[in-house]
Amino acid sequence: MTTRTVDTTHELAAFLRTRRERLDPRDFGLPSRRQARRTPGLRREEVAELAGVSTDYVVRLEQGRGLRPSADVVEALARALRLAPDERAYLFNLAQQRPRNADKAATTAAPQLARLVADLSPLPAMLMNHRYDILAWNSEMARLLLDFGTLPPSQRNAMWLCLMHPEIREFYVDRERVVREGIAHLRAAWAAHPQDQELTDRITGFATADEEFARLWAERDINVNGRGSKVLRHPDLGVIAVDFEVLVPLQDPDQRLVIYRAADAESQSALDRL
């Protein structure tokens, strides 16, 4: 069979049907005797009751009649069908809806990623979420930028540090470009997470406290920089040029792994001295 472009209506119908048929009625306290059930899995009316929708609605979905369920209905169907996280995401994609928790920010580093950050030594590395909160870092990053452990959690935010911290404000040689790119990235994150009230409140606070942020935010530039370069003014080592790479783990898509590398031989020598 050759699979071409996705017919989401047809695939949504087939996916719901196959997942319903894979369920064991005994897991729901329902009879499973052959004479009582002509087809495998749960009946449509049973799924409808579990999801809080009408049987006719489930029938029409499984027959591919062009319905587009709301995010709430998709969530209810995912719970009723006991979908795994990847299956749930697939169902939301087919329905062209956003999960309700899509805007929830990671507040702690995934243990595996925290270990990876440490293992990347001697490369300076850190882990952030979509709000620019710094969740984990290795000793090289702490020596290069700042010992984030000395800050209260509310200040472990890359944008806050760049705007408000007296040392970091002067840390970047081309500070305006760094701030402009950071704000353009933050605006993209804000649009991608419209229900993240904490992010919205933080942006409001930045705009109120910092005229430069307010001016650049109003320009509505959008730029998601996953790769680039920065020139740093280190208090002990002098000017250091670094290239950075931002990686997004598939298993934890709200966490961003940021890795710095020296951009030239002199900068590498400086990083070695850290």
Side-chain angles (χ1 to χ4, degrees), residues 103-110 113-114 117 124-236 240 242 244-248 252-260:
D103 296 319
K104 185 178 180 181
T107 56
T108 58
L113 294 177
V117 168
M126 61 182 172
L127 197 67
M128 298 192 297
N129 62 16
H130 71 260
R131 297 174 183 160
Y132 277 133
D133 294 330
I134 301 168
L135 307 178
W137 58 92
N138 60 16
S139 58
E140 286 78 8
M141 185 63 82
R143 296 188 191 110
L144 178 63
L145 296 183
L146 182 70
D147 185 357
F148 306 115
T150 64
L151 300 173
S154 62
Q155 295 180 8
R156 294 176 198 162
N157 178 274
M159 182 58 68
W160 185 92
L161 291 170
C162 198
L163 294 173
M164 310 295 183
H165 195 282
E167 295 177 14
I168 300 300
R169 279 185 63 90
E170 307 303 323
F171 193 71
Y172 298 102
V173 172
D174 190 357
R175 181 180 181 278
E176 182 173 352
R177 178 180 67 85
V178 171
V179 173
R180 180 182 292 276
E181 289 180 354
I183 291 173
H185 192 127
L186 194 64
R187 179 173 278 279
W190 175 69
H193 301 84
Q195 302 302 318
D196 187 346
Q197 187 60 50
E198 184 170 337
L199 176 61
T200 298
D201 293 343
R202 190 170 297 178
I203 290 169
T204 301
F206 289 154
T208 302
D210 190 89
E211 292 183 2
E212 181 183 26
F213 183 96
R215 174 176 59 83
L216 294 174
W217 181 261
E219 293 182 7
R220 287 178 164 78
D221 288 340
I222 306 296
N223 184 26
V224 180
N225 242 0
R227 177 179 295 134
S229 60
K230 296 178 182 179
V231 181
L232 316 176
R233 189 183 292 109
H234 195 275
D236 299 322
I240 303 175
V242 297
F244 67 86
E245 196 81 24
V246 183
L247 307 177
V248 179
D252 299 282
D254 191 56
Q255 304 193 30
R256 287 109 171 97
L257 179 62
V258 183
I259 306 169
Y260 282 4

Test of understanding: with side chain to side chain contact (heavy atoms under 4.5 Å, CB included), list the residues that count as partners of Ala109, not counting sequence neighbours.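 Ala109 satisfies side chain to side chain contact (heavy atoms under 4.5 Å, CB included) with Ala114, Leu127, Leu135, Ala136, Gln255 only.
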Point-to-point distance, once rounded to the nearest 0.5 Å, from [atom1] of [X] to [atom2] of [Y]:
| X | Y | atom1 | atom2 | result |
| --- | --- | --- | --- | --- |
| Leu216 | Arg180 | CG | CZ | 5.0 Å |
| Asp196 | Arg131 | CG | CZ | 4.0 Å |
| Arg227 | Leu247 | CZ | CG | 8.5 Å |
| His185 | Ile222 | NE2 | CD1 | 10.5 Å |
| Leu161 | Tyr132 | CG | OH | 12.5 Å |
| Leu146 | Trp137 | CG | CH2 | 9.5 Å |

Side-chain donor-acceptor pairs of residues 164-171 under 3.5 Å, sequence neighbours excluded:
unit_1: His165; atom_1: ND1; unit_2: Glu167; atom_2: N; d: 3.2
unit_1: Arg169; atom_1: NH1; unit_2: Leu163; atom_2: O; d: 2.5

Is it the case that the side chain of [X] and the backbone of [Y] share a donor-acceptor pair, with hydrogens and angles ignored and the cut-off at 3.5 Å?
| X | Y | answer |
| --- | --- | --- |
| Asn129 | Ala106 | yes |
| Asn138 | Val117 | yes |
| Arg256 | Asp254 | yes |

Kindly determine whether Arg202 and Trp160 satisfy side chain to side chain contact (heavy atoms under 4.5 Å, CB included), including the steps that lead there. CA-CA 9 Å; Arg202 190 170 297 178; Trp160 185 92; over 6 Å; no
Looking at every heavy atom in both [X] and [Y], which two are closest together, and how far apart are they?
| X | Y | value |
| --- | --- | --- |
| Cys162 | Val178 | SG-CG1, 4.4 Å |
| His130 | Leu186 | O-CD1, 4.2 Å |
| Tyr172 | Arg233 | O-NH1, 3.9 Å |
| Gly182 | Met159 | C-CE, 3.4 Å |

With sequence neighbours excluded, give me every side-chain hydrogen bond (donor to acceptor under 3.5 Å, both in side chains) pair touching residues 140-149.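 The answer is Ser121-Glu140.
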Got a sec: does the CD of Glu211 have more than 12 other heavy atoms crowding it under 6.0 Å?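 No.
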Between [X] and [Y], is any pair of side-chain heavy atoms under 4.5 Å apart?
| X | Y | value |
| --- | --- | --- |
| Ile183 | Phe213 | yes |
| Phe206 | Asn157 | yes |
| Leu151 | Ile134 | no |
| Arg187 | Asp221 | no |

Salt bridge or not for Arg175 and Glu212, using N-O below 4.0 Å?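 Answer for the salt bridge query: yes.
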Can we say Glu181 and Arg177 salt-bridge, meaning some charged N sits less than 4.0 Å from an Asp/Glu carboxylate O?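 Result for this pair is yes, salt bridge flagged.
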